[in-house]
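Small disclaimer: the values here were computed from a predicted structure and weren't measured.
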Amino acid sequence: MRNKSDPHLTKKDDATVKCPYCAQLESKVVDSRPAEEGNSIRRRRECLVCHKRFTTYEIVEGLPLMVVKRDGSRQAFNRNKLLGSMLKACEKRSVSTSTLERLADEIEQSLQNELEREILSTEIGELVMEKLKDVDEVSYVRFASVYRQFRDINTFMAELNKLLAEK
């Protein structure tokens, strides 16, 4: 529902956002370009009332992913929780936050590409371990020790030996 005389103007009933400065709904798009490697569109807008500029992002809304936990309960996929677990495993290691953000993006994209909307938490854990193994082996072992619930030194050593055998 664009104004026919000016294709950049939006009407009040168009799906738009309020100006963060004056809360008016009328704005025009000044510039539009891809963002986040083509996963979203960045739009510079100018309010038609106060004439201040602001930025909005348009993203494709993915279908909700549900994580099936070990106890059978279900909860919505939470990228921040995924990232937090990787940050904890990489604490005091030389792994940058941007690397972990990239890994989280890759894992989330992989999950979104699957046909199933319910994913076992074990699948997510395996994906995280696969990614961490390539980035930092110590972080991989840390994550594995929590994820696989190592009970004693023997299970910990078995994982280390498996890692060494793969080299």
Side-chain angles (χ1 to χ4, degrees), residues 15-21 29-45 52-167:
T16 187
V17 294
K18 291 179 183 177
C19 169
Y21 304 103
V29 176
V30 178
D31 180 44
S32 185
R33 65 180 68 171
E36 297 178 23
E37 298 177 5
N39 293 322
S40 65
I41 297 174
R42 177 185 183 271
R43 297 192 194 284
R44 281 298 285 162
R45 295 179 175 272
K52 290 188 179 179
R53 291 186 175 193
F54 58 99
T55 302
T56 61
Y57 290 89
E58 182 178 318
I59 60 169
V60 174
E61 186 173 80
L63 294 173
L65 288 173
M66 296 303 289
V67 177
V68 181
K69 307 294 275 180
R70 287 182 179 158
D71 66 1
S73 65
R74 288 166 170 72
Q75 60 182 237
F77 174 79
N78 184 336
R79 183 182 182 283
N80 291 333
K81 191 172 178 181
L82 171 70
L83 189 56
S85 67
M86 291 192 298
L87 282 166
K88 185 165 270 197
C90 296
E91 199 170 297
K92 297 183 183 176
R93 300 293 302 159
S94 61
V95 181
S96 69
T97 304
S98 62
T99 298
L100 294 178
E101 296 251 357
R102 180 180 50 80
L103 295 180
D105 289 343
E106 290 172 8
I107 291 167
E108 185 174 14
Q109 188 62 53
S110 173
L111 296 173
Q112 286 286 352
N113 289 341
E114 290 187 18
L115 296 176
E116 296 295 321
R117 302 315 325 155
E118 288 190 347
I119 287 102
L120 298 173
S121 61
T122 54
E123 280 184 59
I124 297 170
E126 292 296 328
L127 284 171
V128 171
M129 287 194 308
E130 183 181 305
K131 299 285 185 185
L132 285 178
K133 188 186 294 184
D134 295 335
V135 172
D136 184 75
E137 291 174 340
V138 172
S139 300
Y140 161 80
V141 172
R142 284 179 177 172
F143 186 87
S145 69
V146 173
Y147 168 70
R148 292 213 170 120
Q149 299 175 338
F150 292 166
R151 301 272 185 242
D152 55 34
I153 193 71
N154 293 330
T155 53
F156 190 77
M157 288 304 296
E159 189 67 31
L160 286 176
N161 288 331
K162 187 171 123 184
L163 184 63
L164 289 171
E166 289 176 6
K167 282 188 153 190

message = Are the side chains of S32 and I41 in contact, using a 4.5 Å heavy-atom criterion?
response = yes

ask   = With T97, which residues qualify under side chain to side chain donor-acceptor pair (under 3.5 Å), at least two apart?
value = none

query = Between F77 and L82, does a side chain to side chain contact (heavy atoms under 4.5 Å, CB included) hold up when you go through it step by step?
reply = CA-CA 9 Å; F77 174 79; L82 171 70; 3.9 Å; yes

ask   = Looking only at heavy atoms, which two atoms of Y140 and M129 are closest? And how far apart?
value = CD1-O, 3.3 Å

ask   = Listed by chain and number, what are the side chain to side chain contact (heavy atoms under 4.5 Å, CB included) partners of T56, not counting sequence neighbours?
value = V17, R43, R45, F54

ask   = Considering only heavy atoms from C-beta outward, does the side chain of R42 approach that of D31 to under 4.5 Å?
value = yes

ask   = Between D105 and Q109, do the side chains contain an N or O donor and an N or O acceptor separated by less than 3.5 Å?
value = no

note = Smallest heavy-atom separation, S139 atom then R93 atom, equals OG-CG, 3.6 Å

inquiry  = If you count every heavy atom of other residues, nucleotides or ligands that lies below 6.0 Å from E101 atom CD, does the total exceed 12?
reply    = yes

task = Return the set of residues passing salt bridge (Lys or Arg N to Asp or Glu O under 4.0 Å) with R74 (not counting sequence neighbours), or none when no residue passes.
result = E118

key: Pairwise distance SG(C90) to CG(L103) - rounded to 0.5 angstrom   = 8.0 Å

task = Kindly write out the residues that satisfy side chain to side chain donor-acceptor pair (under 3.5 Å) with E114, not counting sequence neighbours, or none if the list is empty.
result = none

key: Pairs where residues 124-134 contributes a residue and the test salt bridge (charged side-chain N to carboxylate O under 4.0 Å, His left out) is met, not counting sequence neighbours   = E106-K131, E126-R148, K133-E166

note = Sorted by chain and residue number, the side chain to side chain contact (heavy atoms under 4.5 Å, CB included) partners of Q75 (sequence neighbours excluded) come out as K69, K81

Worked verdict on R44 versus V29 for side chain to side chain contact (heavy atoms under 4.5 Å, CB included) = CA-CA 6 Å; R44 281 298 285 162; V29 176; over 6 Å; no

task = Go through the steps to decide whether R142 and E137 satisfy the test salt bridge (Lys or Arg N to Asp or Glu O under 4.0 Å), and finish with yes or no.
result = CA-CA 9 Å; R142 284 179 177 172; E137 291 174 340; over 6 Å; no

ask   = Can you tell me how far CG of L65 sits from CG of L111, rounded to the nearest 0.5 angstrom?
value = 6.0 Å

Test applied, side chain to side chain contact (heavy atoms under 4.5 Å, CB included); reference residue, L132; option that passes from V141, V138, L100 = L100

request  = Please examine the side chains of V128 and F143, heavy atoms only from C-beta on, and report whether any two atoms are closer than 4.5 Å.
outcome  = yes

message = Atom CZ of residue position R70 - does it have more than 12 heavy atoms of other residues, nucleotides or ligands inside 6.0 Å?
response = yes

request  = Compare all side-chain heavy atoms of I119 with those of M66 and state whether any distance is below 4.5 angstrom.
outcome  = no

key: Residue pair S110 / L127, side-chain heavy-atom distance below 4.5 Å   = yes

task = Nearest 0.5 Å please: distance from the CE atom of M86 over to the CD atom of E91.
result = 14.5 Å

